[in-house]
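So that the names make sense, note that chain A is the first sequence line, chain B the second, and so on, each numbered from 1.
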2 protein chains.
Amino acid sequence: MPVSNEMADKYVAGAAMCPYRLVLEHVTSRWGVLVLIELLDRPYRFSELRRAIGRVSEKMLTQTLQTLERDGLVHRDAKPVIPPRVDYSLTDLGREAAEQVRALALWTESRMGEVERAREAYDEAKGRG
Amino acid sequence: MPVSNEMADKYVAGAAMCPYRLVLEHVTSRWGVLVLIELLDRPYRFSELRRAIGRVSEKMLTQTLQTLERDGLVHRDAKPVIPPRVDYSLTDLGREAAEQVRALALWTESRMGEVERAREAYDEAKGRG
DNA sequence: CCGCATCCATTAAGATACTG
DNA sequence: CAGTATCTTAATGGATGCGG
């Protein structure tokens, strides 16, 4: 069984009945989020993308890209040359998703201060029981 | 060790250096997304939320809620009565996040048709090799 | 260089029984 | 009711070898 189906198939168990939840999970998945945001800037080659994201395994990146490609969010352009060269870019659909994901990421970044204050308050309250 | 720290601590391994990625992962996590969207409508009690989301384990819901509470996105109001009653609601910060997450969810729902066509095309192309 | 496939260790998720 | 503790199962990520 190809690795490509792992994510797509297994998530069916959790998100089951409701097909859109599946796509939402692909888009909001740990590496899906980061891939979409990177590709919003420009097309990337595989290992370029891997370096840009950092700390993602080859396996997970492959899997993420395949899932997003299958959902029609990412376009894969494999050039038949040696050594191989494969460029990944966003489709129009993918760009729409990526823009929303990026908005969320930017929001998160901008609110980090508040989040950290909330955490300190929470941890202190817990610490005292 | 309380269950509450599993998600928050472990994700450090993957998202490490970059603290905002951690919050982004909490917000976009499988159950985080759904919790935020539900709470956008109104406050929910624990098991009410569990039923509303469906197919979420007690453990994961607890964990998700604790993480979101610690990040200052969700407010937990435990009433000292018997039987216990705990209401969860969004903070102002959480509402901002939830609105963006909901926008993404609505987008996903609205684009399901396109996603499904893309999948069919992808699967057919693969099928033929 | 861009993968696919497999084995293996680690981590997260889920089911269940139990407590205040 | 709202969790916690414990155990089992699934997902993830690393390493490695292989092929186009």
[X] side chain: which of [options] is closest?
| X | options | value |
| --- | --- | --- |
| Pro84(A) | dC1(C), dC1(D), dG14(C) | dC1(C) |
| Met60(B) | dA13(C), dA2(D), dG3(C) | dA13(C) |
| Pro83(A) | dG3(C), dC1(C), dG13(D) | dC1(C) |

Tell me which of Val81(A) and Ser57(A) sits closer to the 5' end of DNA chain D, going by the nucleotide each one is nearest to. Ser57(A)

Rounded off to whole Å, could you give me the [atom1]-to-[atom2] distance for the [X] and [N] pair?
| X | N | atom1 | atom2 | value |
| --- | --- | --- | --- | --- |
| Leu61(A) | dA15(D) | CG | C1' | 17 Å |
| Tyr88(A) | dC1(C) | OH | C1' | 12 Å |
| Glu58(B) | dC7(D) | CD | P | 18 Å |
| Lys59(B) | dA10(D) | NZ | C1' | 12 Å |
| Ile82(A) | dG20(D) | CD1 | P | 10 Å |
| Lys79(A) | dG20(D) | NZ | C1' | 17 Å |
| Leu49(B) | dG3(D) | CG | P | 11 Å |
| Arg85(B) | dA2(D) | CZ | P | 8 Å |

Taking His75(A)'s backbone N and O only, do any of them form a donor-acceptor pair with Thr91(A)'s side chain (distance below 3.5 Å, no angle check)? no

Ignoring backbone atoms, establish whether [X] has a side-chain N or O less than 4.0 Å from OP1 or OP2 of [N].
| X | N | answer |
| --- | --- | --- |
| Arg76(B) | dG3(D) | yes |
| Arg55(A) | dT12(D) | no |
| Arg50(A) | dC1(C) | no |
| Ser47(B) | dA2(D) | yes |
| Trp31(A) | dA11(D) | no |
| Gln66(A) | dC4(C) | yes |

Find out whether Tyr20(B) and Val23(B) are in side-chain contact, i.e. whether some heavy atom of one side chain is under 4.5 Å from a heavy atom of the other.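 Side chain of Tyr20(B) against side chain of Val23(B), heavy atoms only: no contact under 4.5 Å found.
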
Worked check of salt bridge (Lys or Arg N to Asp or Glu O under 4.0 Å) between Arg119(A) and Glu114(A): CA-CA 9 Å; Arg119(A) 283 179 183 168; Glu114(A) 288 180 64; over 6 Å; no

Phe46(A) six-ring centre to Arg50(A) NZ/CZ under 6.0 Å and within 45° of normal: no

What is the minimum heavy-atom distance between Ala52(A) and Tyr44(A), and which atoms define it? CB-CE2, 3.8 Å

